[in-house]
There are 2 protein chains.
Amino acid sequence: MSIKYKDISNRLEEEILQGIYDKGDKLPTEEKLAARHGVSRNTIRKALEILVRKGLIISIQGSGVFLRHATPQGALNLEDFNGLTESFSGQEVTSEVLELKLIRADEKLSLAMGCRLGAPIYFVKRMRRIDGVPYVVEYAYHNQEHIPYLDEKIAAGSIFRYIREELGKEIGYLDREISAAKLGEEDARLLGLQAGDPALISTNRGFLKNGEIFDYSVDIHHYQTTRFLKLSDYR
Amino acid sequence: MSIKYKDISNRLEEEILQGIYDKGDKLPTEEKLAARHGVSRNTIRKALEILVRKGLIISIQGSGVFLRHATPQGALNLEDFNGLTESFSGQEVTSEVLELKLIRADEKLSLAMGCRLGAPIYFVKRMRRIDGVPYVVEYAYHNQEHIPYLDEKIAAGSIFRYIREELGKEIGYLDREISAAKLGEEDARLLGLQAGDPALISTNRGFLKNGEIFDYSVDIHHYQTTRFLKLSDYR
DNA sequence: AAGTGGTCTAGACCACAAG
DNA sequence: TTGTGGTCTAGACCACTTC
């Protein structure tokens, strides 16, 4: 389990973030990268494609591959989903578990999660801060059939990392629906805002590689501190 | 100018939307699709990849390619930006041009658009409705060096289509930053809401294939009618 | 004319699912 | 064991930019 284009993409990303290519703002040609990493040009192109989607580089036909270093600070890249903990490495991400219990899926939940009525589901409510500043209130539902065990200690960290590294499950797809609404009393209090203030909301569904839904969550973001980023090539 | 994987992707998309594959929810194997369209398997995979990104299908290794038909109604797919006119085909999209003038780029604008200070820029303010319901107030800036001419008639239609089809320019990348804020008086009035109500905001930058910015815009969306969708495979 | 990214092929082998 | 998608290769030719 070591995929060349992913490895190379990660290596190039590190090099870019370290500023190795900053002079001239231009990466080596695809051919040179292929030779340097000992792979075919197609494999290099798959690696570069990921970085294009992440917004680190931009390819111009006939001209070359250029750095973008335009990524706004502090915005959450929708393409880059490892959870907050990884997205804000360098800053202190804390998660306060406000509630954690095992419930049964009612009709609405079983529909949202594609599970049977009455299936056991972990419900986790968390308050997450970045460098101490309120960032998001999360309401998450995890299917116990896929995540057999969860406690406060795990929930206080990165649940995504737990799933990948501890449970060894592979995440396949992640869907997000982004909307705005007025804050309710409770969420407003948690975020240090007023009821009726705007909220930036992300409603998420996580799929394992085999297509099963392991996670359904609603994230109520602080509207003054969260921005989402979507950088895309045109198709 | 006819790219096989794009053509095939469009054809498959039409077939999916027509419901041709609904029985069994499964597409033919990649090999069969390759044979049917007379192309290599890699080309079919590129075509399918686009549909995965658009959220129409989901690939499961070892199992097959399945329909999703889970796309929420009325949400704007962030992967699928041909502008409102194309995204809401079937419904009536109207654009009322509230203002259109040629201005000079000030410092802030020249920075946002990557153009020189004093460059001529079209400013367009539009109110867009879907089936008569207020949907978004758009503030758009177009670099005249790339879009030499613009009038009310053009602005009342799809500016993106105008650029592609009339000017023959190729769009390369599109960046969007999504946030929430409180509505100001003017925008609230236009959207039929109250000042201080939430707004769902998309701030956009459009790049031509050669990397130049042709468009910078801020879209103030009605928070009760707009949702954005981001369906992604995990990398 | 030369350099560089974009499209496409034909085929090999691997990883996972289903019978 | 067989079917199916995932990764990878080596090479060809095209489209666009740069010189």
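Values reported hereafter were calculated over all heavy atoms of this structure, with side chains retained and with hydrogens, waters and symmetry mates removed. In what follows, chains carry the letters A, B, and so on, assigned in the order in which the sequence lines appear, proteins first and then strands, with residues in each chain numbered from 1.
- DNA chain D is contacted by both B/N210 and A/G38; A/G38 maps to the nucleotide lying nearer its 5′ end (nearest heavy atom per residue).
- Residue B/S40 places no side-chain N or O under 4.0 Å from the OP1 or OP2 atom of C/dG11.
- For B/E107, the CD atom sits in a loose shell: 12 or fewer heavy atoms of surrounding residues, nucleotides or ligands are nearer than 6.0 Å.
- Bending across the helix from C/dA1-D/dT18 to C/dA18-D/dT1, expressed as the angle between its end axes from five pairs apiece, amounts to 10° (10° rounding).
- In this structure, CD1 of A/I44 is placed 13 Å from C1' of D/dT9, rounded to the nearest angstrom.
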task: Start with the C-alpha gap between B/E212 and B/K169, add the side-chain angles, then the distance that decides, and say whether salt bridge (Lys or Arg N to Asp or Glu O under 4.0 Å) holds.
output: CA-CA 11 Å; B/E212 293 174 304; B/K169 304 237 180 190; over 6 Å; no
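- Aromatic ring centres of B/F228 and A/F228 lie farther apart than the 6.0 Å criterion allows.
- For A/I58 and D/dT17, the CD1 to P distance is 13 Å, given to the nearest whole Å.
- Residues satisfying the side chain to side chain donor-acceptor pair (under 3.5 Å) criterion with A/E166, sequence neighbours excluded, are absent altogether.
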All N/O pairs under 3.5 Å across the protein-nucleotides 4-7 of chain D interface:
{"unit_1": "D/dT4", "atom_1": "O2", "unit_2": "B/G62", "atom_2": "N", "d": "3.4"}
{"unit_1": "D/dG5", "atom_1": "OP2", "unit_2": "B/E30", "atom_2": "N", "d": "2.9"}
{"unit_1": "D/dG5", "atom_1": "O4'", "unit_2": "B/G62", "atom_2": "N", "d": "3.4"}
{"unit_1": "D/dG5", "atom_1": "N2", "unit_2": "B/Q61", "atom_2": "NE2", "d": "3.0"}
{"unit_1": "D/dG6", "atom_1": "OP2", "unit_2": "B/R45", "atom_2": "NH1", "d": "2.6"}
{"unit_1": "D/dG6", "atom_1": "OP2", "unit_2": "B/R45", "atom_2": "NH2", "d": "3.4"}
{"unit_1": "D/dG6", "atom_1": "O4'", "unit_2": "B/Q61", "atom_2": "NE2", "d": "3.3"}
{"unit_1": "D/dG6", "atom_1": "N7", "unit_2": "B/R41", "atom_2": "NH2", "d": "2.6"}
{"unit_1": "D/dG6", "atom_1": "O6", "unit_2": "B/R41", "atom_2": "NH1", "d": "3.1"}
{"unit_1": "D/dT7", "atom_1": "OP1", "unit_2": "A/Y5", "atom_2": "OH", "d": "2.9"}
{"unit_1": "D/dT7", "atom_1": "OP2", "unit_2": "A/Y5", "atom_2": "OH", "d": "3.3"}

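- A salt bridge links B/R126 with B/E138: at least one charged nitrogen is closer than 4.0 Å to a carboxylate oxygen.
- Of the residues listed (B/R68, B/K230, B/R53), the one engaging A/D175 in a salt bridge (Lys or Arg N to Asp or Glu O under 4.0 Å) is B/R68, and it is the only one.
- The shortest heavy-atom contact between A/R116 and A/A105 is O-CB, 3.9 Å.
- Between B/E170 atom CD and D/dC14 atom P there is a gap of 18 Å when expressed in whole angstrom units.
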message: Does A/S202 form a side-chain hydrogen bond (donor to acceptor under 3.5 Å, both in side chains) with A/N204? I'd like the steps, not just the answer.
response: CA-CA 6 Å; A/S202 173; A/N204 318 303; 2.6 Å; yes
